Amino acid sequence: AQKITQTQPGMFVQEKEAVTLDCTYDTSDPSYGLFWYKQPSSGEMIFLIYQGSYDQQNATEGRYSLNFQKARKSANLVISASQLGDSAMYFCAMRVPNAGGTSYGKLTFGQGTILTVHP
Amino acid sequence: SAVISQKPSRDICQRGTSLTIQCQVDSQVTMMFWYRQQPGQSLTLIATANQGSEATYESGFVIDKFPISRPNLTFSTLTVSNMSPEDSSIYLCSVEDALHNEQFFGPGTRLTVL
């Protein structure tokens with residue numbers, strides 16, 4: 001069974017500073033994908049970044065980067081130069097292939113971290 | 001990236017009634033997924049919807065309570081049947097872009113059951 005753990009219920013950061021949101025995962029499958037989503041108060045789920053288990057480099061997307069430490073089974077999200085609009089709930093999620101070896105989009109989510117950016 | 005729309009965006013319903021949520025994608029996709037997010041909770045997969053076959057339900061979810069239709073490759077519906085206040089949640093549909101290793105969600109349907 002797959003499990004995602006986000007140990008930080010809430011985080012605070014000053015505007016323009018960087019913040020790291022923690023995520024650890026557990027799976028016995030060697031092939032998996034890790035996702036981060038942002039959920040503002042409107043409820044929509046905004047895709048931020050993806051890291052594959054075989055990717056050699058850490059994923060980056062603009063101000064978002066993923067600190068992927070495979071041996072430690074962690075996939076922390078780093079947001080640089082925080083903005084007030086970054087205040088939201090952030091979810092880490094994992095996807096593993098099904099028995100047929102192709103990924104069918106079933107995501108297992110962590111409990112989320114509420115990020116608050118102070119001016 | 002896929003553009004997903006959902007209807008309705010929100011609704012307030014009475015106990016014992018049913019609500020059908022629509023999900024429309026701007027491109028053809030093999031599978032569509034329905035998730036539920038209860039208040040203050042994370043997302044949980046309800047079922048996977050394939051075109052031309054019955055949906056596959058996750059443990060704890062049954063077809064009688066959450067019937068799903070998938071008439072073509074761009075559209076799906078989820079019905080929440082015989083609603084109770086415990087069904088008050090955000091319901092989201094999702095599609096996978098395997099080529100780009102992305103997975104997208106619709107804007108969600110915020111359901112309140114009185």
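Per chain, numbering begins at 1; letters A, B, ... match sequence-line order. From a predicted model like this one, the values you see are computed outputs, not experimental measurements.
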From CA spacing to verdict: side chain to side chain contact (heavy atoms under 4.5 Å, CB included), Tyr64(A), Leu77(A): CA-CA 7 Å; Tyr64(A) 304 108; Leu77(A) 177 70; 4.1 Å; yes
Before you tell me yes or no, could you show the steps for Phe109(A) and Met45(A) under side chain to side chain contact (heavy atoms under 4.5 Å, CB included), namely the whole-Å CA-CA distance, both residues' side-chain angles and the distance that decides it to 0.1 Å? CA-CA 12 Å; Phe109(A) 284 85; Met45(A) 292 288 285; 3.6 Å; yes
Return the option, out of Gly33(A), Gly52(A), Gly110(A), with the maximum number of heavy-atom pairs under 4.5 Å with chain B. Gly110(A)
Given heavy-atom pairs under 4.5 angstrom as the criterion, report whether the side chain, backbone, both or neither of Gln6(A) touches chain B. neither
Going by distance alone, is a donor N or O of one side chain under 3.5 Å from an acceptor N or O of the other, for Thr116(A) and Ser87(A)? no
Main-chain N/O of Pro71(B) paired to Ser69(B) side chain as donor or acceptor, under 3.5 Å: no
Between the side chains of Thr74(B) and Gln24(B), is a donor N or O closer than 3.5 angstrom to an acceptor N or O? yes
Region of Gln37(B) that comes under 4.5 Å of a non-hydrogen atom in chain A: side chain
Taking side chain as everything from C-beta outward and backbone as N, CA, C, O, which of these in Ser42(A) sits under 4.5 Å from a heavy atom of chain B? Side chain, backbone, both or neither. backbone
With a 4.5 angstrom heavy-atom cut-off, could you sort out which part of Ile90(B) is near chain A: side chain, backbone, both or neither? side chain
